[in-house]
Each structure stands twice: as structure tokens, then as C-alpha cells.
Amino acid sequence: MTETDEAGAFSAGTEWPSAHRDPSTGTVDLRRVGAHPDHWYPVALSKNVRSRRTFATAFAGERIALYRGESGTVYALEDRCAHRQVPLSMGVVEGEALRCCYHAWAYRGDGRISQIPYLAKGDGRPPRGVRGYPVREAYGLVFAFPGDPDKAADTPLPDLPAFGSPRYKAMTYSRTVRCHYSFMHENLLDMNHQFLHRGVVGRLRPELLDSRTDERSVEARYLFSHAGGKRNRGASLLAAEGIGGSDSRDVMTIRTEYPYQTLDLVPENAERPAFRLWVAYVPEDAEQRRCHTFGLLMIEKPRIPGALQLAWPLIRRFTERVFAEDRMAVEAEQRAWDEQGEDGNREVFSLILDVREVLRTNGVPIRPRAAACGASSMCDGHDRGPVRGADAGTS
């Protein structure tokens with residue numbers, strides 16, 4: 001029998017419900033596997049959580065209200081008032097507290113009620129406030145820990161040494177994609193899909209050099225060579241090949257280190273990556289068929305001062321077009337899953353079979369909608385679309 005913890009999440013190591021399995025093979029359907037909450041997940045760009053303002057976001061159907069207190073500290077609370085369930089993200093920030101817009105109940109940053117203005121002496125006070133989430137800021141992002149709060153202190157944030165390096169300049173992405181997060185992991189790791197991008201990168205020939213897998217990660221190294229066709233200027237600039245491009249070959253290393261993903265590209269004869277990408281796919285809705293992609297693209301600065309600044313618009317345009325093509329493909333995969341009611345995917349690439357197993361092993365069953373909503377009163381059974389700020393704020 002499947003056991004659940006107090007928050008309604010499935011405990012690690014328990015048996016998966018039969019509804020999550022393929023009836024013909026008995027294999028757990030990866031698209032029914034949820035992101036494990038015991039990790040730090042980016043839930044907003046720091047610049048979007050402004051001083052003494054609120055910001056609404058979500059993790060897997062749990063609506064979260066972020067707010068920045070007068071001291072500059074960011075707090076994360078369950079996005080509902082314990083009184084009438086009105087979203088706290090509609091509230092008012094006062095000092096380090098957040099006051100509900102309806103009856104002015106005030107909450108501390110840990111979710112405890114600090115004031116009920118009209119409560120008389122002797123009146124019963126609610127036994128608890130709302131859930132407070134551990135929260136940290138790093139790399140221009142706000143990270144929340146949606147799992148067991150006792151594990152937050154011992155769980156490290158991702159280590160991104162290139163982000164603060166004077167050798168690199170970072171480009172930030174924040175986009176909603178209407179698909180299960182696993183499709184995104186597969187898309188980036190499987191570089192055999194370059195035909196999709198032929199209009200911007202020409203004809204690229206990827207060769208898998210080697211790969212390795214363990215319980216929490218999959219890493220692949222590809223050798224890329226340009227086999228002809230017109231190459232976008234932004235692609236050449238990003239790969240440090242100049243405006244005209246070149247016939248050099250690049251080594252690309254892609255790694256899924258649960259729950260994050262990274263990509264490094266090292267041009268031929270180069271000492272360092274021309275760029276390094278870190279990305280997280282954060283499920284938004286309870287059924288996890290929509291995820292928010294937060295990406296940090298760290299690009300090596302050329303020797304000529306100011307050259308990267310001039311190239312920045314071209315690089316941005318190129319990366320946005322590639323992302324749009326990838327989003328088109330993965331959202332089509334999700335629609336096929338929705339239409340069939342199961343995963344009709346027939347994968348043949350061993351690398352993708354490996355990453356699917358990593359995602360299954362480290363994930364948790366997606367709770368039924370009624371259970372997910374009932375456990376914390378965080379949703380109403382309707383898909384409201386992306387949360388506020390879902391496609392806002394890139395730099």
C-alpha cells in the first residue's frame with residue numbers, strides 16, 4: 001500500500017500506484033512522475049520580487065506568495081489567508097510582515113499570524129497560520145524549498161562558479177512551457193534532434209563520444225561538426241567563432257544532475273567553455289503538465305572589450321529562436337500524451353532510456369488532483385494557466 005506523509009506527498013521507496021503504470025509492461029509512466037520536492041527550485045527572478053511588493057508563483061499546484069520585506073529579505077508563504085483563503089499575493093507588505101488585503105490579518109515571514117486587528121481579548125485565535133517555505137536568493141533567482149523544511153539547510157544550492165566569474169557574462173531566461181518537465185530533460189540531452197534547428201545552425205553532425213550514468217545523473221559528450229548550410233550569426237558568436245563562423249569542431253557536454261541540467265560547449269583547441277548553460281524545469285500545475293524553465297547562459301567574454309555587448313542582441317535572438325523551436329516540439333509531445341492518455345513513445349536511444357530511469361528513480365508519484373488540492377487547499381480544480389510573471393523578465 002502506498003503511504004503518504006502529512007503533506008500528502010508519497011514517501012520515498014513506497015510502491016507506485018497501479019494507475020501510474022503502463023498496463024502492458026508494468027513500467028511506471030514517466031509522465032506521471034512528479035518532481036521531488038526536497039530540492040531548491042527557482043520560483044522567480046530576483047528582480048521581479050520588488051521591495052515591499054508581492055509576487056505570485058507556484059510549485060506543482062502549490063501556490064506560493066513571495067514578498068520582499070523592508071530589510072530586503074525575501075519570504076515565501078502559502079498563497080492563501082488562513083481566514084477566508086484569499087491569496088496573500090494580493091496583500092500588502094508592512095515592514096517584514098504580509099497583511100491580507102481582505103480582513104487585514106498579518107503574517108510573519110515564517111507564516112505565523114502576527115495580528116488580527118479586530119480580535120478582542122478572550123476571542124479564540126486560530127491554531128496556526130499558513131505554511132512558510134525556506135527561501136534563498138542566488139544567481140539573480142529566488143529559490144524555494146517546497147519539500148521537508150528540515151532538509152533545506154543540508155541541501156545545497158546548485159554550484160555555478162562561472163556565474164560570478166569575470167570571464168563570463170550571464171544571460172537569464174524565464175519561460176513557461178506546456179509540457180511535463182521530463183520532455184525538457186530529454187530534449188536537451190538528445191542532440192540527435194538538430195534537424196529541427198537546421199534553419200538557424202545549418203547542418204550539424206553530432207557524434208556521441210561517450211556517456212556515463214549513475215543513480216542521480218546522466219552525462220553525455222558529443223562531438224559537433226558543421227556539415228554545411230547557412231549558420232546564424234548569433235550561433236557563431238555564441239560559439240566564439242566570429243561573424244563568419246568556421247569549420248572547427250566543438251565538444252558539448254550535457255548533464256542531468258537531478259533535478260537540474262547543464263550544458264558546456266568547448267570549441268576545438270579552446271581551454272575553457274565558450275558558454276555554460278544551467279537550467280531548471282519547475283512544474284507549475286498539480287498534474288505537472290506545465291513547467292517553468294529558468295535558465296542561466298554564461299558566455300565567455302572575448303578579448304576585445306565591449307565586443308560581447310555588441311553581439312548580445314544577436315546571441316539573444318538566436319537562443320530565443322532555438323528555444324521556440326524546442327518548445328514547439330516538446331509541447332507537441334505533451335499533446336500526444338494527453339490525446340492518448342498514456343506514453344506512446346517508442347524510444348530507441350539508450351541515453352534517453354537512461355535519463356528516464358534517473359527521473360523515475362528520483363521522482364515521486366504525482367498525486368491525484370483531489371488529494372493535491374485537499375491537502376493544502378491550494379487549488380480549486382481548474383487550470384488557470386501560467387501564474388503571474390510566467391513569461392516575464394529576461395536579461
Side-chain angles (χ1 to χ4, degrees), residues 2 4 9-39 41 59-61 146-147 176-193 196 211-220 254-263 279-293 326-369 371-372 383:
T2 303
T4 60
F10 289 90
S11 302
T14 57
E15 183 181 349
W16 286 73
S18 58
H20 289 69
R21 297 181 180 274
D22 184 320
S24 60
T25 65
T27 303
V28 172
D29 187 340
L30 177 57
R31 318 313 171 186
R32 299 183 189 275
V33 176
H36 202 296
D38 287 344
H39 297 275
Y41 288 92
F59 176 85
T176 290
V177 185
R178 294 184 174 274
C179 73
H180 188 265
Y181 63 89
S182 62
F183 289 116
M184 299 296 288
H185 279 272
E186 294 177 17
N187 170 267
L188 189 61
L189 194 62
D190 187 355
M191 281 291 140
N192 294 306
H193 77 275
L196 177 68
S211 65
R212 55 184 179 180
T213 303
D214 58 34
E215 293 181 355
R216 299 190 58 83
S217 67
V218 177
E219 181 178 285
I254 309 167
R255 182 177 180 86
T256 288
E257 178 77 35
Y258 193 90
Y260 315 120
Q261 203 164 33
T262 60
L263 183 154
V279 65
Y281 314 113
V282 184
E284 290 184 341
D285 59 315
E287 294 182 344
Q288 303 197 26
R289 298 185 189 180
R290 186 178 67 241
C291 66
H292 198 105
T293 297
D326 284 332
R327 177 158 58 181
M328 174 191 67
V330 295
E331 289 184 347
E333 288 186 281
Q334 180 65 63
R335 287 195 299 272
W337 189 96
D338 293 338
E339 292 164 359
Q340 297 166 16
E342 61 181 4
D343 199 344
N345 190 295
R346 299 294 178 261
E347 186 55 61
V348 296
F349 192 22
S350 60
L351 191 67
I352 299 307
L353 298 177
D354 287 343
V355 77
R356 288 181 179 180
E357 190 58 28
V358 166
L359 296 176
R360 283 193 192 97
T361 301
N362 290 281
V364 295
I366 294 176
R367 291 172 286 164
R369 179 176 290 274
D383 185 348

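What you are looking at is a predicted structure, and each value in this text was computed from that prediction instead of being measured.
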Within-4.5 Å side-chain heavy-atom neighbours: [X] and [Y]:
| X | Y | answer |
| --- | --- | --- |
| Leu30 | His185 | no |
| Arg290 | Thr176 | yes |
| Pro37 | Val364 | yes |
| Glu333 | Asn187 | no |
| Val177 | Gln334 | no |
| Thr293 | Arg327 | no |
| Trp337 | Asp29 | yes |
| Leu351 | Leu189 | yes |

Is the number of heavy atoms from other residues, nucleotides or ligands under 6.0 Å of Gln340 CD greater than 12? yes
Do Arg289's NZ or CZ and the ring of Phe183 fall within the cation-pi criteria of under 6.0 Å and 45°? no
Output the distance between atom [atom1] ([X]) and atom [atom2] ([Y]), rounded to the nearest 0.5 Å.
| X | Y | atom1 | atom2 | value |
| --- | --- | --- | --- | --- |
| Thr213 | Glu357 | OG1 | CD | 10.5 Å |
| Glu186 | Leu353 | CD | CG | 9.0 Å |
| Arg32 | Asp343 | CZ | CG | 9.5 Å |
| Asp338 | Arg178 | CG | CZ | 11.0 Å |

Using the side chain to side chain donor-acceptor pair (under 3.5 Å) criterion, which residues pair with Thr262? Sequence neighbours excluded. none
Tell me the closest heavy-atom pair linking Tyr260 and Ala280, and the distance in Å. CD2-CB, 4.0 Å
Could you please spell out the steps behind the side-chain contact (heavy atoms from CB on, under 4.5 Å) verdict for Glu347 and Arg356? CA-CA 10 Å; Glu347 186 55 61; Arg356 288 181 179 180; 3.6 Å; yes
Got a donor-acceptor contact below 3.5 angstrom from the [X] side chain to the [Y] backbone?
| X | Y | result |
| --- | --- | --- |
| Asn362 | Val358 | yes |
| His193 | Asp190 | yes |
| Gln261 | Val279 | no |
| Tyr181 | His292 | no |

Does a salt bridge link Arg212 with Glu219, judged by any charged N lying under 4.0 Å from a carboxylate O?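 Counted as a salt bridge, because a side-chain N and a carboxylate O are separated by less than 4.0 Å.
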Say whether Arg255 and Ser217, considering side chains only, have a donor N or O and an acceptor N or O under 3.5 Å apart. yes
No-hydrogen, no-angle side-chain donor-acceptor test under 3.5 Å, Ser182 and Arg31: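 Checked: Ser182/Arg31 side chains pair up, N/O donor to acceptor below 3.5 Å.
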Would you sort out whether Tyr281 and Gln288 count as a side-chain contact (heavy atoms from CB on, under 4.5 Å), showing the intermediate values? CA-CA 11 Å; Tyr281 314 113; Gln288 303 197 26; over 6 Å; no
Carefully, step by step, assess Met328 and Leu196 under the rule side-chain contact (heavy atoms from CB on, under 4.5 Å). CA-CA 10 Å; Met328 174 191 67; Leu196 177 68; 3.7 Å; yes
Applying ring pair (Phe, Tyr, Trp, His ring centres under 6.0 Å), can you list everything that pairs with Phe59, at least two apart in sequence or on another chain? Tyr41
Could you go step by step and tell me if Leu188 and Ile254 meet the side-chain contact (heavy atoms from CB on, under 4.5 Å) rule? CA-CA 8 Å; Leu188 189 61; Ile254 309 167; 4.0 Å; yes
